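Hydrogens, waters and symmetry mates are skipped; everything else that's a heavy atom, side chains included, is used. Worth saying up front: this structure is predicted, and the values here are computed from it rather than measured.
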Amino acid sequence: MKKKTLVFIAPINKWGTYFYYEWITQYLQEHYWEQFTIIFVHSLKEYLLWHFKKADIIFSIVPFFFKPIGAKKYIFNLHGNYKIERKNKGLGVKLMYLTEFNLRFSDQIMLVSYYLADKLWFRKKYKNKISIAPNYILIDDFFYPQRKFDSETYNILTVTSFKFYEKGKWILNLQRVINRLAKKTSKKISWTIVGNQDNAIFNEIKKEFDTIIVDINVKIDFVGWKEREEIIQLYKTNDYFLYRTELDNYPWVVLEAIVSWMKVFVNDFESFQYFIDQSIIAKDEKEMLEKILIKDYENQTKVYSLAGVIKEILKSI
């Protein structure tokens, strides 16, 4: 029996969606090599060539200019709110202007949750084409001992991006939460912020950040961007994870913090209602502070493993 050829086309840049496909293809190559020929693509040249080359199924996070001629089935894998993300100046991001065109000609639309289909109007229109393959965690990387939250320091971590002002600006709201916490406790507060600093957007946000006065017992450390292995170490050395967004769909860093047994708190953004337990969602800064101060903490959020997501993807084949 001839093996099917499955092609997974990821962005060039090594951020979340790149790893989403890289880990999937590695798992398929290891466990399903007898059934499928698996090809992982992340170069501009190969992306263009796969508009014409033969394949049984093409999965692509990057929108195509037209339906691939040689593919028996084309699955467009949409991960974010393209109407906001395409405003970024990056050339790759500008391809998101092809999203609605891809929605029309794709054989299947794969999403990480129904949030995008609801947010971007097309759940009803394309209901027979939509499938769900959530973001997932490599569980073995995150088995840590039970934490203790009674130390003399609140060790707090935030991992975000300053590539979009619409995303990075929410660090200002978290700073106000930190200020509220400082007024409620005699403990020291150490807040580590991970995020790229090599752009004008970060400088703009940092300028606003520096105008907000913080308590003397608060230490804030901007450490720039870190590789994944370094971020995993920061999950280990910090106990609390604060995150705020009104852009993300299904952020990996929140999932990673959850499975690291940190105390995780996020804002009441509509996408979180699709997959995060209400216990860690705060409707405003005051409620986030109240949740941080609660000693008893139990989070029931379900986190998918890679193997679990593979099962969902195989349903598409």
With a distance cut-off below 6.0 Å to the six-membered ring centre and an angular limit of 45° from the axis, does R123 pair with Y114 as a cation-pi contact?
yes
Salt-bridge criterion met for E46 and K53 (N-O under 4.0 Å)
yes
With heavy-atom distances below 4.5 Å as the criterion, would you say the side chains of V254 and V264 are in contact?
yes
Would you say the ring centers of Y74 and F105 fall short of 6.0 Å from each other?
yes
Whether Y243 and F272 hold their rings parallel, tilted or perpendicular, with breakpoints at 30° and 60°:
tilted
Kindly say whether A182 contributes a backbone atom to a donor-acceptor pair with the side chain of T185 at under 3.5 angstrom?
no
What is the distance from atom NE2 of H79 to atom CE of M110, rounded to the nearest 0.5 Å?
8.5 Å
Do V194 and F222 have side chains that get closer than 4.5 Å, going by heavy atoms?
no
Parallel, tilted or perpendicular, judged at 30° and 60°: which one describes the rings of Y20 and Y136?
tilted
Just checking, is any N or O donor in the side chain of Q35 or K3 under 3.5 Å from an acceptor N or O on the other one?
no
Between the main-chain N or O of E227 and the side-chain N or O of E230, is there a donor-acceptor pair closer than 3.5 Å?
yes
Please confirm whether the backbone N or O of S279 pairs with a side-chain atom of K291, one donor and one acceptor, at under 3.5 Å?
yes
Exam field: side chain T37 to backbone T5, donor-acceptor pair closer than 3.5 Å:
no
Partner set under ring-ring contact (aromatic ring centres under 6.0 Å, His included) for Y235, not counting sequence neighbours:
none
I would like to know whether F52 and F66 meet ring pair (Phe, Tyr, Trp, His ring centres under 6.0 Å); could you show each step before the answer?
CA-CA 10 Å; F52 306 96; F66 48 83; 5.7 Å; yes
Whether the N267 and E285 side chains hold a donor-acceptor pair (N or O, under 3.5 Å, no angle test) is what I'd like checked.
no
Per the side-chain contact (heavy atoms from CB on, under 4.5 Å) rule, which among N238, L174, N155 passes with W191?
L174
Under the salt bridge (charged side-chain N to carboxylate O under 4.0 Å, His left out) rule, what do D107 and K129 come out as? Steps first, then yes or no, please.
CA-CA 7 Å; D107 297 298; K129 294 171 63 171; over 6 Å; no
Go through the side-chain N and O atoms of D118 and Y274 and say whether any donor and acceptor fall under 3.5 Å apart.
yes
Less than 4.5 Å apart, any side-chain heavy atom of S43 and any of Y47?
no
Does the ring of F122 carry K124 above it, NZ/CZ under 6.0 angstrom from centre and within 45° of its axis?
no
Parallel under 30°, tilted from 30 to 60°, perpendicular over 60°: which one fits the rings of F202 and F162?
perpendicular
Linking I/L/V/M/F/W/Y whenever their side-chain heavy atoms sit closer than 4.5 Å, directly or via other members, would I294 and L181 fall into one cluster?
no
Assess whether a salt bridge exists between E256 and R228, defined as any Lys/Arg side-chain N lying under 4.0 Å from an Asp/Glu carboxylate O.
yes
So with a 6.0 Å cut-off around NZ of K188, is the heavy-atom count from everything else above 12?
no
Should the pair F65 and H51 be assigned to parallel (<30°), tilted (30 to 60°) or perpendicular (>60°) ring geometry?
tilted
Is it the case that atom NZ in K187 sees more than 12 heavy atoms from other parts of the structure closer than 6.0 Å?
yes
Once you measure the plane-to-plane angle for F275 and Y250, does it fall in the parallel (<30°), tilted (30-60°) or perpendicular (>60°) bin?
parallel
Do S260 and K236 make a side-chain contact, defined as non-hydrogen atoms from C-beta onward lying under 4.5 Å apart?
no
Is there side-chain contact between W170 and L247, with heavy atoms separated by less than 4.5 Å?
no
Regarding K315 and E312, does a basic nitrogen lie under 4.0 Å from an acidic carboxylate oxygen?
yes
Within 6.0 angstrom of E152 CD, more than 12 heavy atoms from elsewhere
no
Using the salt bridge (charged side-chain N to carboxylate O under 4.0 Å, His left out) rule, take K72 and D56 through it: C-alpha gap first, then chi angles, then the decisive distance, then the call.
CA-CA 5 Å; K72 296 178 181 177; D56 289 287; 3.2 Å; yes
Parallel, tilted or perpendicular: which fits the ring planes of Y21 and F8, with parallel below 30° and perpendicular above 60°?
perpendicular
Inspect the surroundings of CD1 in I216 and state if more than 12 heavy atoms from other residues, nucleotides or ligands are less than 6.0 Å away.
no
Are V223 and T192 close enough that some pair of their side-chain heavy atoms sits under 4.5 Å apart?
yes
Donor-acceptor contact present, side-chain N196 to main-chain D198, <3.5 Å:
no
NZ on K119 to CG on L116, rounded to 0.5 Å
10.0 Å
